Amino acid sequence: MKTYKGSCHCGVVQYEVTAAFTEAMRCNCSHCKRKGFLLAFVPVDSFTLLSGASAQTTYHFNKHHIDHTFCNTCGVQSFAYGGDGNGNYMYAINLNCLEDFDSYALPMKDVDGASL
Ligand SMILES: [Zn+2]
């Protein structure tokens, strides 16, 4: 396990996440594909938002189970928060937004979100 710093592009939104990332999820749904996400899910306890809580807009679509939160200034979505509809909540980390972390070097796991 290691603690990483994540941020949007302009730096208003900053967070820390502690995890051992072993693969990057690449989803082909209409939303993930447009944003080019490489994602990993972490438990709620592993994530701490350090700044930018009030500088974000939250986008919802489909079943509205996931808060897609992006920076009002630079538009980057560095993480998401959501549930599975059964009361289980997770953070989804946009691995491309972590500092000093080579997200492209991870094994890719393709997720067929478009078919869900
Ligand atoms: Zn920003």
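Both ligands and their constituent atoms are indexed starting at 1 by order of listing. No experiment lies behind these values; they were computed from the predicted model shown. Side chains are part of it too, since the values below use all heavy atoms of this structure and drop only hydrogens, waters and symmetry mates.
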Aromatic ring pairing His68/Phe37, orientation class (parallel under 30°, perpendicular over 60°, tilted between):
parallel
Flag, side chain of Asn28 to backbone of Gly113, donor-acceptor distance under 3.5 Å
yes
SG (Cys74) - the Zn ion (ligand 1) - SG (Cys8) angle, nearest 10°:
110°
Please report, to 0.1 Å, the donor-acceptor pairs under 3.5 Å made by any side chain of residues 10-26, with sequence neighbours excluded.
| residue | atom | partner | partner atom | Å |
| --- | --- | --- | --- | --- |
| Gln14 | NE2 | Gly11 | O | 3.0 |
| Tyr15 | OH | Ser78 | O | 2.8 |
| Glu16 | OE2 | Lys5 | NZ | 3.3 |
| Thr18 | OG1 | Thr3 | OG1 | 2.7 |
| Arg26 | NE | Asp110 | OD1 | 2.8 |
| Arg26 | NH2 | Asp110 | OD1 | 3.0 |
| Arg26 | NH2 | Asp110 | OD2 | 3.2 |

In residues 88-96, what donor-acceptor pairs under 3.5 Å come from side-chain atoms, sequence neighbours left out?
| residue | atom | partner | partner atom | Å |
| --- | --- | --- | --- | --- |
| Asn88 | ND2 | Asp84 | OD2 | 2.9 |
| Asn94 | OD1 | Asn96 | N | 3.1 |
| Asn94 | ND2 | Gln77 | O | 2.9 |
| Asn96 | OD1 | Ser103 | OG | 2.7 |
| Asn96 | ND2 | Gly36 | O | 3.4 |

Hey, is the Zn ion (ligand 1) within less than 2.8 Å of some N/O/S atom on His9?
no
To 10 degrees, how wide is the angle SG (Cys10) to the Zn ion (ligand 1) to SG (Cys71)?
110°
